[in-house]
Protein chains: 2
Amino acid sequence: MDMTFYSAELLKQELNDRGYRLTPQRQKILDIFQAQPQGEHLSAEFLHQDLSQEGEHISLSTVYRTLHLMVNMGLLRELELAEGHKHYELNRPLREHHHHLVCVHCNKTLEFSDTQIDQVGEKQANAAGYYVLDCQLTLYGTCPECDR
Amino acid sequence: MDMTFYSAELLKQELNDRGYRLTPQRQKILDIFQAQPQGEHLSAEFLHQDLSQEGEHISLSTVYRTLHLMVNMGLLRELELAEGHKHYELNRPLREHHHHLVCVHCNKTLEFSDTQIDQVGEKQANAAGYYVLDCQLTLYGTCPECDR
DNA sequence: ATGGGTGCAAACTGTTTGCAATCTG
DNA sequence: CAGATTGCAAACAGTTTGCACCCAT
């Protein structure tokens with residue numbers, strides 16, 4: 001019912017097509033992303049700990065290597081929010097593409113969608129001859145609670 | 001003729017108003033930004049080296065501390081581009097506010113402006129009760145030269 | 001069986017911090 | 001002169017890498 005769901009077979013397919021292999025580690029890591037209710041953005045550290053809690057002992061290096069691999073394959077998006085480390089999230093289709101609103105004080109982050117932005121971005125990039133891989137609007141500000 | 005130019009007096013004023021002091025280091029660092037023809041985005045490391053070449057021996061720590069101070073004062077903008085370290089640029093008024101288009105292969109970065117984006121961002125943030133400090137649209141892709 | 005993948009520990013990069021000395025207002 | 005600011009060196013966090021062993025195809 002969710003078209004961005006990757007079954008074990010589909011993931012294997014995608015990997016093999018590029019000469020990569022399906023390993024239990026890669027499977028587990030993608031599973032964690034798919035188990036997130038709203039496709040939240042996760043850090044490498046969070047993934048590592050979450051896996052540990054489930055009894056899956058996957059090294060941090062492997063987590064990082066897998067994240068990079070999946071970003072390159074287009075399965076994940078890499079985000080630079082305001083916390084000093086990168087975050088990753090499932091790269092959902094354009095329809096569900098969204099942007100971020102971050103509070104620089106408490107780091108609370110809201111998501112929102114706006115097709116206008118994606119269209120303008122696409123247009124601007126194409127005008128410069130660029131092929132767009134990702135389009136991220138990030139708004140930095142103060143949320144109602146942190147605003148004095 | 002450039003309304004974002006900070007003279008020594010104006011900078012001192014801004015600093016003193018907040019209980020900070022004008023030091024030669026702070027002056028020199030802001031000067032470097034103002035000497036950039038297009039307000040290019042600079043890294044801490046670049047600033048440090050550039051200052052050294054001019055015979056100004058300012059420690060890296062001071063560069064970092066000054067950058068943070070000026071971001072908090074609203075004089076500079078902090079950017080997260082694709083190179084693994086932060087970049088800073090003069091925070092020009094909204095009229096000249098711009099966004100970035102980055103090639104993930106060669107890191108070539110183009111700037112563009114689009115008031116629509118800033119408006120949409122402002123609108124979205126206000127709807128959530130956030131006060132906007134900065135609005136950054138970053139497009140990641142491949143430039144014509146790197147596109148295969 | 002072969003070459004891609006993993007875990008571990010060590011290396012690295014960019015950034016931050018403690019502290020004594022120094023300078024600004 | 002008090003308190004802000006600096007430089008230095010050491011500490012840090014997140015991420016990357018070399019290498020021997022292991023496993024998917």
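Protein chains get the first letters and strands the later ones, always in sequence-line order, with residue 1 at the start of each.
A distance-only check finds no donor-acceptor pair linking the side chain of B/Arg26 to the backbone of B/Leu69 [under 3.5 Å]. Not one N or O on the side chain of B/Thr109 forms a donor-acceptor pair closer than 3.5 Å with the backbone of B/Val102. A donor-acceptor contact shorter than 3.5 Å is absent between the side chain of B/Gln124 and the backbone of A/Asp114.
Residue B/Leu67 forms a side chain to side chain contact (heavy atoms under 4.5 Å, CB included) with just one option from B/Leu76, B/Asn72, B/Leu42, B/Thr62, and that option is B/Leu76.
Taking the side chain of A/His85 as heavy atoms from C-beta on, and the options C/dG5, D/dG7, D/dG14, the nearest nucleotide is D/dG14. Among the nucleotides D/dT15, C/dT6, C/dT16, the one closest to any side-chain atom of B/His68 is C/dT16.
Between the CZ atom of B/Arg26 and the C1' atom of D/dT5 there is a distance of 6 Å, given to the nearest Å. Rounded to an integer number of Å, the gap from B/Tyr64 OH to D/dA13 P is 16 Å. Protein atom CG of B/Leu67 is 15 Å distant from nucleotide atom P of C/dT17, rounded to whole Å. In this entry the distance linking CG of B/Asp17 with P of C/dG25 reads 12 Å, nearest Å. Per the geometry, NE2 belonging to A/His48 stands 16 Å off P belonging to D/dA13, to the nearest Å. Atom CZ of A/Arg18 and atom C1' of C/dG5 are 17 Å apart (whole Å). Atom CE in A/Met73 sits about 10 Å away from atom P in C/dG5, given to the nearest Å. Taking atom CD on A/Gln27 and atom P on D/dA24, their separation rounds to 12 Å, with Å as the unit.
Between A/Lys28 and A/Glu54 there is no salt bridge, since no side-chain nitrogen of the basic residue lies less than 4.0 Å from a carboxylate oxygen of the acidic one.
Relative ring orientation between B/His100 and B/His41 is described as perpendicular, the plane-to-plane angle rising above 60° on a 0-90° scale split at 30° and 60°.
The structure places CE of A/Met70 at 8.5 Å from CZ of A/Phe33, a figure rounded to the nearest 0.5 Å.
Between A/Thr23 and C/dT6, a side-chain N or O to OP1/OP2 separation shorter than 4.0 Å is present. A close approach under 4.0 Å does not occur between any side-chain nitrogen or oxygen of B/Arg65 and OP1 or OP2 of C/dT15. B/Arg21 has no side-chain polar atom (N or O) that falls below the 4.0 Å cut-off from OP1 or OP2 of D/dT6. Side-chain nitrogen and oxygen atoms of B/Gln25 include at least one within less than 4.0 Å of the OP1 or OP2 phosphate oxygen of D/dG7.
Of the residues in residues 7-16 of chain A, those placing a heavy atom less than 4.0 Å from an atom of DNA chain D are A/Lys12, A/Asn16, in numerical order. Listed in residue order, the members of residues 51-59 of chain B having a heavy atom less than 4.0 Å from DNA chain D are B/His57, B/Ile58, B/Ser59.
Taking for each of A/Ser61 and B/Thr66 the nucleotide of DNA chain D with the nearest heavy atom, the 5'-most of the two is the partner of B/Thr66.
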Could you give me the CA-CA distance, side-chain angles and deciding distance for B/Gln116 and B/Asp118, then say whether side chain to side chain donor-acceptor pair (under 3.5 Å) is met? CA-CA 6 Å; B/Gln116 236 187 105; B/Asp118 302 298; over 6 Å; no

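Between the side chains of A/Glu80 and A/His85, no donor N or O sits under 3.5 Å from an acceptor N or O. Inspection of the A/His98 and A/Gln136 side chains reveals no N or O donor paired with an N or O acceptor under 3.5 Å.
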